[in-house]
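Data first, discussion second: the structure below is written as structure tokens.
Just so you know, these numbers come straight off a predicted model, no measurement behind them.
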Amino acid sequence: MRMLSLPEPGLYPRDAQLPSSLENEGASQWDRLASLKDYFHSDSEWTEVRWLVHVSPFVGRVIERYGEAACNRLFNPLSYARSSASEGHSTQMDERALMRHYRALRDIEMARIAALDLLGRMPLNQMLEETSYLADALLMQAIEDAQRLLEARYGRPTDAQGEVPLIVLGMGKLGGRELNFSSDIDLIFAFLRHGETSGGRQSVPFELYFGKVVQLLTRLLGEHTADGQPFRIDLRLRPFGQSGPLVSSVQALIDYYHEQGRMWERYALVKARVIGADQTVRDEVEAIFRPFIYRRYLDYSAIDALRKMKLMINQEARRKGVSHNIKLGLGGIREIEFIAQVFQLIRGGREFEFQTRSLIEALSVCEKHRTLDAAAVDDLLQSYAFLRKVEHVLQEVNDRQTQTLPSDFESQQRVLLACGYEATPEAWEAFLGRVSEVMATVHQHFLDVIGGEADLLDSEDSEYAVLWQDMLADETALDVLSEGGAEDPNTAWEAIQSFRDVARKRPSGPRGRELQAQLVPIIIEHALSQKDTTTVLQRTFGVLAQIMSRTTYLELLAENQSARKQLIFLCGSSPWIAHLLAKFPWLLDELIDPVQLYQLPAVTDYHQHVGEYMMRLAQDDIEGQMDTLRHVKQIFQLKVAAADLNEGVHLMRVSDHLTFLAEAILEHVVLIAWRELVHKHGTPPGRSEDDTGFAVIAYGKLGGYELGYGSDLDLVFLCEDDISGQTDGARPIDVQQFYLRLAQKVLHLCTTRTSGGVLYEVDMRLRPSGQSGLLVVRIGTYKEYLQKDAWTWELQALVRARMIFGTTSMYEKFAAIRKNVICRARGEEELREDVLNMRWKMRNHLWQKNPDFTDVKHVPGGMTDIEFLAQYLVLRWSHEVPDFAVWTDNIRILETADTHKVLPAGVASGLIAAYQEYRIETHRLALAERGALSERDFSEHQHVVSNAWEALFGEPPQAS
């Protein structure tokens, strides 16, 4: 393996001349160190200490804090040995004492490494190895200490084969023994076998036990205290990232990487190294990863994956405003690492020499196998040495994790001195020129390997792709979202993380994961342009969660911009639609063509449209017919809601569409039920499909042409008076029983929950005698009940009743009954008292009082008061004005009152305007899934309604 040599001999300092600005800044600290001079062997060493302290305040802080211990190690050429950890270490130490010990040990050793590196006495290879070895040693010691601290409670993790070790996988630079001066250490933890601990007060499964060990380990080494922080420990590379268990069994690792491993994880695992275990365990664990990392064929897909990864890195660097970043910038250290790794992934499965964790070895193998020529390898190795040296200098100044060249001149002076330049502005420009030259060389080699500049600059990948990766720091993610326009970046990031966790735990296959990686960033980008980014993300992710294993729909959204745009718009506009799409993902097909989505049929054409869907099915396919009716309903409800939100239909016409759709569907429901019963039992005497002798009466919202999204259907079933005899089939039944079964079948078809959900919820309580009454009522009995036994509230309901299925003959009979009952003269005072009592009873039971919202239905002066007014007008005046008995909808009833001057001039128009606004708001609230509570102020409309109520009833619409 080649040694890393630096490209110019003058890189290290040759004298101790310091600029006055640094002298002045470090003077007070230098004075405090004067008493430590005797710990050094000569004046020349003391002079070097002076130079080091002014160039690296970190070194000065360590000497000042730890005195003799730091001085004795500062110029020691011998590397740290784990046995030296016993100095100052005791098995009696508690957690806090161990934390202080580790921080002191780390700082002293890192100050020694910094001093020797800054003075040019430690080759880069050695520095990388020593830094990595220190991390290894502290990790192993901390694990021992953590297990010791937990032993009394949990015992040890032993089974029949002996003690089960905690396996530590060092990733990234730690895995490759290339750790930089101030680096995170990326770790994955695992254990070989399942079992339970023994010997302590409590036995727990190994997974729980090792999780406790890792938690304690991260405190011992990773927690920032007043004494500092030995290492920033990053566990996000583990399976399922931050949402995954801290420690997994080896089998769980195998399953994860086999089923869900992604390309970036292959890159990460190239450098994975088992730390501290014996050779047998190392071989066993590392063998797990090889088939996942290295394919048996030449895997050129690695180039495209690398291109995307690099693009995301570039985007993150640009977004953070990073300039002169020698790691992430164009031509930085990361590009050199990628060049080596891409050839490792492409060829490592067939040419085993590429299976190395060392970047230097990997580049040497590239030269040997002629994937890179010797000149390119020389360029890359020399550039790597230079950039790593500069990286270490930047970090050694203040023990900070940075790869960005400083902007303040004092820091620039320190970097210049450490790199063998004069501390002048001119020297800084020359130094920047050298850095730029090196990075330009690296970047050109990088482009030669992965493709042209256009492949990076013109990539179609969303700039928010970085948010879908699970290695992004929270702070960076919040910056990305904030700069993208998110009002609340924290909740938006939580939504993204939450969905990412869901996606990891649901199988979607390689293609599904690829499509998610393509689709989610685009959705994030579009959501950031919406008013409430978090809400849009949560609702849209709710839909995606239901289709992530169905690549057909992911393909649709990834490839069809229009469908994707409609999904985001509709989800952002309405939780009702978002839940509909999540529950029935096949509705996504309706989003493909916006013209078709927003183009509603004429209300009178719904019978034809429903019929066209049903014609495709065999008459004996009851299940298929049930599902198709549900699909038809959902398709057209989606279209109506989409048009509603997009102002493609007048809000007062929304109910018309929903009402006529329900009528068309109910007609087919009755016919399906009729045909099935006729097939089993035959036809009642004198009846046929065209003259069933059966009628469906719609009450409530359906009867009044005011159906809303998700409304129940209030129905009553009637039949002709003559129901004697039996059906004429092979299995005849009494005609009365036939009609009962017909009604039951209709209810079954409507209310049974299938994969397509419930067709409609049906309420039958308005039939004569309510829930105790017959399910199907003969029309003569219905007439007699209404004339003799009906309560006033039942007559109020009759105002909104109309027949929606039945023959002309039955329609005429029903219309005559309704008109006759409604137009009867009634005692005005008795009617008034009955209506008022029912209204008070309803309001006391249903009014949702809330100081911040208005219950648009039941608030005094609200929508229900207008409905009661209209019903009272019909029952009070129909015997004098028969036109009142014609209509079932409130608007035309109020118009009739105005035409016949039953109400004072202008009152009816005020009530109509209020009612329309209330109706519009109920549609909006339904799509927003807000019930009947509105944040709008309706006080003006309430005032109009209250005045009309008081004029009509002699008292305000307040509960008594």
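Each of Arg100, Arg103, Arg96 was compared with Glu223 under the salt bridge (charged side-chain N to carboxylate O under 4.0 Å, His left out) criterion, and only Arg96 meets it. Residue Leu235 forms a side chain to side chain contact (heavy atoms under 4.5 Å, CB included) with just one option from Ile185, Val214, Ile188, and that option is Val214.
Leu98 approaches Leu149 most closely through the heavy-atom pair CD1-CD1, 3.9 Å. Across every non-hydrogen atom of Thr402 and Leu394, the tightest pair is CG2-O, 3.9 Å.
Remark: the Gln251 side chain and the Asp255 side chain contain an N/O donor-acceptor pair separated by less than 3.5 Å. Side-chain polar atoms of Thr158 and Ser198 form a donor-acceptor pair below 3.5 angstrom. Donor-acceptor pairing under 3.5 Å is lacking for the side chains of Tyr294 and Glu351. The closest side-chain donor-acceptor pair between Glu129 and Asn125, if any, does not fall under 3.5 angstrom. Under the 3.5 Å distance criterion, with hydrogens and angles disregarded, a donor-acceptor pair is assigned to the side chains of Glu353 and His369.
Between Phe289 and Tyr257, a ring centre-to-centre spacing shorter than 6.0 Å is recorded. Here Tyr256 and Phe240 bring their ring centres to under 6.0 angstrom of each other.
Using a 30° and 60° split on the angle between ring planes, Phe191 and Phe206 fall in the perpendicular class, above 60°. By the 30° and 60° cut-offs, the orientation of the rings of Phe499 relative to Phe541 is parallel.
Tyr102 is listed as a side-chain neighbour of Leu221, based on a closest heavy-atom distance under 4.5 Å.
Remark: Gln538 pairs with no residue by the side-chain hydrogen bond (donor to acceptor under 3.5 Å, both in side chains) rule, at least two apart or across chains.
To the nearest 0.5 Å, atoms CG (Leu537) and OG (Ser498) are separated by 11.0 Å.
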Could you go through residues 166-182 and list every donor-acceptor pair under 3.5 Å that involves a side-chain atom there, pairing it with any protein atom two or more places apart or in another chain?
from   : atom 1 : to     : atom 2 : distance (Å)
Lys173 : NZ     : Glu337 : OE2    : 2.9
Arg177 : NH1    : Asp136 : OD2    : 3.4
Glu178 : OE1    : Lys271 : NZ     : 2.9
Glu178 : OE2    : Leu359 : N      : 2.7
Asn180 : OD1    : Ser182 : N      : 3.4
Asn180 : OD1    : Ser183 : N      : 3.2
Asn180 : ND2    : Glu391 : OE2    : 3.1
Ser182 : OG     : Arg232 : NH2    : 3.2
Ser182 : OG     : Gln401 : N      : 3.4

